[in-house]
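Encoded as C-alpha cells, the structure appears first; notes follow it.
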Amino acid sequence: MNGAEFVQLSLTPLLIGVLAAVACALPGNFLILRRQALIGDAISHVVLPGIVVAFLLSGQATGPAMLAGAAGAALVAVVLIELVRRLGRIEPGAAMGVVFTAMFALGVLLLEQSDSSAVHLDVEHALMGNLESLIWFDAEGWHSVADPVALAALTPELPRMAAVCLLLALTLRLFWRPLVLSTFDEGFAAGQGYPVRVIGLGIVVMAALAAVVAFDAVGAIIPIAMFICPPGAARLMTDRLGAQLAWSVAFGAVAAVAGYLLAGHGPALIGLDGSVSAAGMIAVTSGLILGLACLFGPRRGRAAAPPGGRAGA
Amino acid sequence: MRTGLAIPPGPELPPAPAEPALVIRDLTVTWGERPALISVDAAFPAGRLSAIIGPNGAGKSTLLKAVLGMVRPLSGRITVAGIPVARARDRIAYVPQRASVDWDFPVRVADVVEMGLWRRLGLLRRAGPAERARVAACLDRVGMAELAGRQIGRLSGGQQQRVFLARALVQEAELILLDEPFAGVDAATERAVIGVLKDLRAEGRTVIVVHHDLATVRDYFDHVLLLNRCSVAEGPVAQAFTADALQQTYGGRLPAAYLGQIGLGGQ
C-alpha cells in the first residue's frame with residue numbers, strides 16, 4: 001500500500017480506532033477500581049434502542065439524531081439501573097444486567113419492526129461497527145493532511161472522537177485528586193468535603209460520553225472491550241494509578257493499531273483470502289494483551305486484601 | 001519507636017478548654033426504617049482522648065459518619081469548636097476502618113499520606129519539597145518511613161493502620177476521628193498508635209476513637225461515650241465507665257467475672 005492509499009483508506013479508521021480505544025480506556029480505569037466495569041458494557045448495549053427510537057422519530061440514522069438518541073438511552077439506563085438497585089434492593093451488577101439486557105432486547109424488537117434495510121442499521125452493524133468504511137475519500141496523500149478542502153471532507157467521526165478524547169483527558173487531569181480520593185476512600189473524601197455522589201455520577205457520565213460517541217463511530221464491541229481490557233492489563237503493570245492510566249492508553253492504542261492491521265493483513269499471512277472485521281480484531285487483540293499481562297505483568301502476583309470483617313455499624 | 005506506657009491520664013494534663021471540641025445535639029440517623037442513632041447528645045472535651053464504646057450495631061461508626069457528612073441525619077446539630085460541622089471539615093481528620101479500604105488499589109504508602117494534603121493543595125498545585133518533607137516526617141512518626149514506596153496491599157494489618165494514622169497526622173487537624181484503629185492489629189502497632197494519640201493530646205488536639213476493647217479503656221482514654229443507639233452514659237472515664245453503665249449498654253450480657261477482670265468488679 002503506498003502513502004496515498006494509506007492516507008485515503010487506512011489513516012482515518014486507524015486514528016478513530018485509537019481515539020475510541022483511548023476514550024474508553026481512560027474512564028475504564030476508574031470504573032474497574034470502583035467495581036463498576038460492567039457499566040461500560042451496559043451503556044454500549046442500551047444505545048441501540050436509543051438509536052432506533054431516534055431514527056423512528058427523526059427519519060435520520062446519522063449524526064446528531066443518532067448521538068442524541070444514544071445519549072438519551074444512556075441517561076434512561078443510568079436512571080433505571082439506580083431505580084432497580086434501590087427499589088429492587090439488588091446488587092448493582094445485577095441491576096445493570098437486568099436493565100441493559102432488557103433495553104438491548106427492546107432495541108432489537110424495535111429494529112425488526114422498523115424498515116432496517118432502508119436505514120443501513122442492522123444488528124451486526126450496531127455491534128461491530130464499520131471501521132473500515134470510515135475512509136477519507138478526498139485525501140490524495142500525506143499532503144492532504146494540510147489541505148483545508150480535503151480536511152473539510154473528513155469523516156465527522158474523527159474530530160468528534162478526538163474532541164471527546166481531549167475532553168476526557170482534561171477532565172481527568174483537572175479533577176484527578178477528587179476522582180482518586182473518592183474512588184480510593186469515599187469516606188475520607190466525604191469528610192474532606194468533596195461531593196462524592198456528584199463525583200461518582202461524573203465518572204458514569206464520562207463513561208457514557210465515551211461509549212456513546214465511540215458506539216456511533218465504531219460500534220459496540222470496541223467500547224465494551226476497551227473499558228475493561230486495557231485498564232485491566234495496565235493494573236498488572238504498575239502500582240501507581242497515574243502510570244496505570246498511561247499504560248492503559250498505550251495498550252488501547254496498540255490494540256487498535258495492531259487489531260486493524262491484523263484484520264486487513266492477518267488472513268493473508270496465514271494463506272487465507274479477504275479480511276476480517278477490524279472492530280472484532282481490535283477487541284480480540286485487547287483481550288490478548290490482557291492475557292499476556294496476566295502471564296507476564298510485573299504486578300500480577302498482588303497480595304490479596306487482608307482479612308478483617310466489617311465490625312460495628 | 002515510641003512505647004505507649006499505660007499511664008492513667010489526668011493530673012499532668014492542663015485543664016480542658018471550656019468549649020468542647022465536638023458537640024452533638026439530638027442526633028437521629030436511620031438506615032431505611034431502622035433507627036441507627038436515636039436522639040444522641042454528646043460533648044467531647046478539647047485536648048482529650050475520648051472513646052466511643054458499644055456493642056456491634058450500636059451506631060458507633062454511624063456517629064462518626066454523621067460527623068464526617070457521609071450519612072445524612074434525620075435530625076440533629078453537630079458543631080466543631082462552636083462552628084457548624086459543614087463549615088469545619090478542614091479541622092477534622094479521619095482514620096477509616098481497615099475493612100472499608102480497597103487494599104488492592106494502585107497506590108503507595110507515601111501517596112496515601114500525601115492525600116491528607118490534597119484539599120489544602122487544591123486541584124492542581126503539586127506537592128513541593130515542604131509537603132514531601134511533611135509526609136516523610138509523619139511516616140517516620142508512625143515508624144513507617146522505610147516502607148514509603150510500598151503498595152498498600154503488601155503491608156501487614158498493623159502497618160496499614162499506621163499509614164492511615166500518618167495521613168491523619170499530615171492534615172494537622174484539631175479533631176482526629178479513628179474507627180476501630182486497634183481491630184486486628186499486633187501489640188506493637190497498638191502501642192505505637194496509642195503513643196502517637198497521646199502525643200497528639202499533649203499537643204492540645206482532640207482524639208475520638210471508636211473502640212471495642214473494654215479492658216484498655218481506663219488506660220487509654222480520658223472521656224467515654226457509652227452508646228447503644230441511644231447515649232447510655234457519657235463523661236470522664238472515672239465517672240461514666242462503670243459496671244452498671246456497661247451492663248446497660250451491652251444489655252446485661254457482660255459476665256461479672258469479666259467486669260472484675262477489667263477492674264470494674266464489686267460495684
Side-chain angles (χ1 to χ4, degrees), chain A residues 29-30 32-35 86 89 170-197 231-232 234-248 297-313, chain B residues 31 36 54-62 64-65 67-71 86-87 89-90 92-108 111-112 115-116 118-119 121-124 149-157 160 164 167-168 171 177 179-180 183-184 210 212:
Chain A
N29 284 285
F30 285 92
I32 288 186
L33 289 171
R34 298 172 79 93
R35 312 282 187 265
R86 293 226 177 130
R89 298 201 175 174
L170 288 176
T171 307
L172 287 177
R173 181 67 199 90
L174 183 60
F175 296 108
W176 179 255
R177 283 174 179 166
L179 288 167
V180 172
L181 213 49
S182 66
T183 301
F184 173 56
D185 190 346
E186 196 169 35
F188 181 77
Q192 294 269 289
Y194 291 106
V196 291
R197 292 230 170 87
R235 178 63 189 93
L236 300 166
M237 303 304 291
T238 171
D239 277 337
R240 305 203 72 184
L241 187 53
Q244 181 185 320
L245 257 74
W247 275 106
S248 74
R299 293 287 174 256
R300 68 191 188 283
R302 297 195 304 276
R310 278 169 198 266
Chain B
W31 294 118
N56 287 338
K60 305 184 295 287
S61 299
T62 305
L64 291 194
K65 285 177 180 162
V67 173
L68 293 163
M70 288 160 66
V71 298
R87 287 195 277 118
R89 300 256 184 256
D90 52 342
I92 309 174
Y94 170 56
V95 179
Q97 254 182 67
R98 231 153 40 79
S100 71
V101 174
D102 174 8
W103 296 104
D104 195 32
F105 203 88
V107 67
R108 305 183 308 182
D111 305 329
V112 172
M115 286 177 186
W118 279 3
R119 197 185 151 82
L121 285 169
L123 288 178
L124 294 173
R150 200 178 273 196
Q151 195 268 334
I152 54 164
R154 296 162 189 259
L155 302 173
S156 75
Q160 291 171 343
F164 279 79
R167 182 178 70 178
Q171 288 177 260
L177 309 177
D179 198 349
E180 302 257 12
V210 168
H212 66 289

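Just so it is clear: chains get the letters A, B, ... in the order the sequence lines come, proteins before strands, and each one is counted from 1. Hydrogens, waters and symmetry mates play no part in the numbers below; they use all other heavy atoms, side chains included.
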Exercise for the section: Find the one option among G184(B), G116(B), G122(B) whose heavy-atom pairs under 4.5 Å with chain A are most numerous. Expected result: G122(B)
Practice task
Flag the pair F105(B) / D185(A) as yes when at least one side-chain heavy-atom distance between them is below 4.5 Å, and no otherwise.
Solution key: no
Problem - Side-chain heavy-atom pair Q192(A), Q171(B) within 4.5 angstrom cut-off - result: yes
Problem - Max heavy-atom pair count under 4.5 Å with chain A, selected residue of R167(B), M115(B), R89(B) - result: R167(B)
Problem - Side chain, backbone, both or neither of V180(A) within contact of chain B (heavy atoms, under 4.5 Å) - result: both
Practice task
Answer with side chain, backbone, both or neither: which region of R150(B) has an atom nearer than 4.5 Å to a non-hydrogen atom of chain A?
Solution key: neither
Practice task
Heavy-atom distances under 4.5 Å only: say whether L124(B) touches chain A with side chain, backbone, both or neither.
Solution key: both
Exercise for the section: Taking the side chain as every heavy atom from C-beta outward, state whether D102(B) and R35(A) have any pair of such atoms under 4.5 Å apart. Expected result: yes
Handout entry: Option that, when pairs with chain B are counted at under 4.5 Å, heavy atom only, ranks first among A190(A), G191(A), A243(A), G242(A)
Key = G191(A)
Practice task
Give the C-alpha distance, both sets of side-chain angles, the deciding distance and a yes or no for salt bridge (Lys or Arg N to Asp or Glu O under 4.0 Å) between D239(A) and R108(B).
Solution key: CA-CA 7 Å; D239(A) 277 337; R108(B) 305 183 308 182; over 6 Å; no
Fill in the blank from the handout: Nearest heavy-atom approach of R119(B) to Y194(A) is CA-OH, 3.5 Å
Handout entry: Side chains of D104(B) and R235(A) in contact at under 4.5 Å (non-hydrogen atoms)
Key = yes
Fill in the blank from the handout: The interface call for V112(B) against chain A, heavy-atom contacts under 4.5 Å, is side chain
Problem - Heavy-atom side-chain contact between L241(A) and V107(B) under 4.5 Å - result: no
Handout entry: Heavy-atom contact with chain A under 4.5 Å, split by part of D90(B)
Key = neither
Problem - Set of residues satisfying side-chain contact (heavy atoms from CB on, under 4.5 Å) with respect to L121(B), sequence neighbours excluded - result: R177(A), L117(B), W118(B), R125(B), A127(B), E131(B)
